[in-house]
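Working notes, beginning with the structure itself.
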Amino acid sequence: MRVLAELGLLDALLPQTQVIRRLHCLDRRKRALLDLHYADVAEGLHGAGTHRATLLNLLLGAAEEAGARVEWNRPIGQLKRDADGRCRLIDAQGREEGPFDLVLLCDGAQSALRAQSGIPCKATRYPWGALWFIGRRPPQLAADMLWQRVGSTRELVGFLPTGTKDDLVSLFWSIRLDRVEAWRAGNLDTWKSEVRALVPQAAGLLDQIEGQAQLSVAAYHDVRMRRWHGDRVAVLGDAGHALSPQLGQGVNLALMDAAELARALGEESSLEAALNRYSARRRAHLRFYQVATRWLTPLFQSDATALGAARDFALPLAQRIPWVRRQMILTMAGYKTGVFGSRR
Ligand SMILES: Cc1cc2nc3c(=O)[nH]c(=O)nc-3n(C[C@H](O)[C@H](O)[C@H](O)COP(=O)(O)OP(=O)(O)OC[C@H]3O[C@@H](n4cnc5c(N)ncnc54)[C@H](O)[C@@H]3O)c2cc1C
């Protein structure tokens, strides 16, 4: 939100979002594993549920207004360097653009270009992902909170209200990616009963699902880099640090990358120094969220069911300790830069 405010876009976005005041996660016995309120950290602090398309439209409009030329349907397949180190981009039809002084790689978790950038990187895919459905929010699902219900580490369902004039809500259901085909071939009503058993309030949303094809599949990736720049190249967003969406921070991190890169380019007189500054400024924040999601993901989505028992024991106790509770909320709000550090 701070980055969007700096760009002058926040006021246009907020009416298209749903105010989220609270994360509420219950276990199968209806005990609160997590009940975290943003306002406990600062009055007026809240999340904003929205669709990526809403945000994307807004950012694209602003970029075009600022003079950017947008080329659609031109996947870039190759990054080539001239003798002076400047980059050229070659699209799937072999058409070339450039040379450019600086190339920003923002091609997402499965980036085809980062391997050609010369920046060391390790990318893996999690065995678990999610089924996804967007529908109209039934009144029984309160609008101002992120709902999560968990069973063992193999059962997780969540609902994120995302506003807009249609009053939408996103449903996500955790699934092992190698079980998606079996789920698609299985009985839809059996699955709906499972979801209803965890969240009876979801009945009105489940009624909007008539076939498995209405749910899309999302895979999660873990991308590790020690620095997010190379010679005349910077990597932003998921291409440089995709993580599992357990903490819902991917968009925040990508927007903050862009803001810090712009700031570093404005502050330094040489490109090399600006790129070094960019990586240095992003390191602590990115590291914290990457390590935190790597630790958290198996507690909520894995075959390690013993971890689920430990989670059910530890989380309700941990959130009663005021310092820990505050750190949990700061984490959820995107502020953390280390176990003890935060931007707030
Ligand atoms: C299931 C799921 C739930 C999530 N939930 C949340 C959440 O609640 N909150 C949150 O903040 N984040 C969430 N995220 C993460 C968030 O979606 C990402 O972090 C965010 O979209 C990253 O933005 P990006 O621009 O880096 O990459 P992307 O959004 O992946 O965009 C990459 C773009 O590059 C284009 N592209 C790819 N290859 C090429 C190429 N070769 N040439 C040209 N263009 C190319 C793609 O078409 C795409 O438009 C979630 C992710 C998943 C999978």
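For clarity, every value in this text was computed on a predicted model and none was experimentally measured. Order of listing sets the numbers, starting from 1, for every ligand and every atom in it.
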Does the distance from a Lys or Arg side-chain N to an Asp or Glu carboxylate O, for [X] and [Y], drop under 4.0 Å?
{"X": "Glu6", "Y": "Arg263", "result": "yes"}
{"X": "Arg232", "Y": "Glu272", "result": "no"}
{"X": "Arg176", "Y": "Asp303", "result": "yes"}
{"X": "Glu71", "Y": "Arg69", "result": "yes"}
{"X": "Glu267", "Y": "Arg277", "result": "yes"}

Close side-chain approach of [X] to [Y], heavy-atom, < 4.5 Å:
{"X": "Ser174", "Y": "Trp128", "answer": "yes"}
{"X": "Ile76", "Y": "Asp107", "answer": "no"}
{"X": "Leu275", "Y": "Asp231", "answer": "no"}

For [X], state whether at least one heavy atom is located under 4.0 Å from any atom of ligand 1.
{"X": "Cys106", "result": "yes"}
{"X": "Ala112", "result": "no"}
{"X": "Phe172", "result": "no"}

For this session: Would you check whether Val251 has a nitrogen or oxygen atom less than 3.5 angstrom from a nitrogen or oxygen atom of ligand 1?
Result: yes
For this session: Name the orientation class of the two ring planes belonging to Trp191 and Trp183 (parallel below 30°, tilted from 30 to 60°, perpendicular beyond 60°).
Result: perpendicular
Using a distance threshold of 4.0 Å (strictly less than), state whether [atom] has a protein heavy-atom neighbour.
{"atom": "atom 49 (O) of ligand 1", "value": "no"}
{"atom": "atom 39 (C) of ligand 1", "value": "yes"}
{"atom": "atom 12 (N) of ligand 1", "value": "yes"}

Distance to 0.1 Å, residue and atom name: give those for the protein heavy atom nearest to [atom].
{"atom": "atom 19 (O) of ligand 1", "result": "Asp238 OD1, 2.7 Å"}
{"atom": "atom 37 (C) of ligand 1", "result": "Asp107 O, 3.3 Å"}
{"atom": "atom 53 (C) of ligand 1", "result": "Ala219 O, 3.8 Å"}
{"atom": "atom 4 (C) of ligand 1", "result": "Pro245 CB, 3.4 Å"}
{"atom": "atom 15 (C) of ligand 1", "result": "Gly250 CA, 4.0 Å"}
{"atom": "atom 28 (P) of ligand 1", "result": "Gly108 CA, 4.2 Å"}
{"atom": "atom 7 (C) of ligand 1", "result": "Gly248 CA, 3.7 Å"}
{"atom": "atom 41 (N) of ligand 1", "result": "Ile76 O, 2.8 Å"}

Identify, by atom number and element, the atoms of ligand 1 in contact range of [X], meaning under 4.0 Å from any of its heavy atoms.
{"X": "Trp132", "result": "1 (C), 3 (C)"}
{"X": "Gly237", "result": "26 (O)"}
{"X": "Arg52", "result": "17 (O), 21 (O)"}
{"X": "Ala218", "result": "1 (C)"}
{"X": "Pro75", "result": "42 (N), 43 (C)"}
{"X": "Tyr220", "result": "1 (C)"}

Problem set entry | Lys/Arg cation over aromatic Phe100: Arg86, 6.0 Å, 45° cone | no
Problem set entry | Backbone of Ala239 reached by a side-chain donor or acceptor of Arg114 within 3.5 Å | yes
Exercise. What residues join Phe313 in its hydrophobic cluster, counting side-chain heavy atom gaps under 4.5 Å, either direct or through other members?
Worked result: Leu317
Problem set entry | Members besides Tyr220 in its Ile/Leu/Val/Met/Phe/Trp/Tyr cluster (side-chain heavy atoms under 4.5 Å) | Tyr126
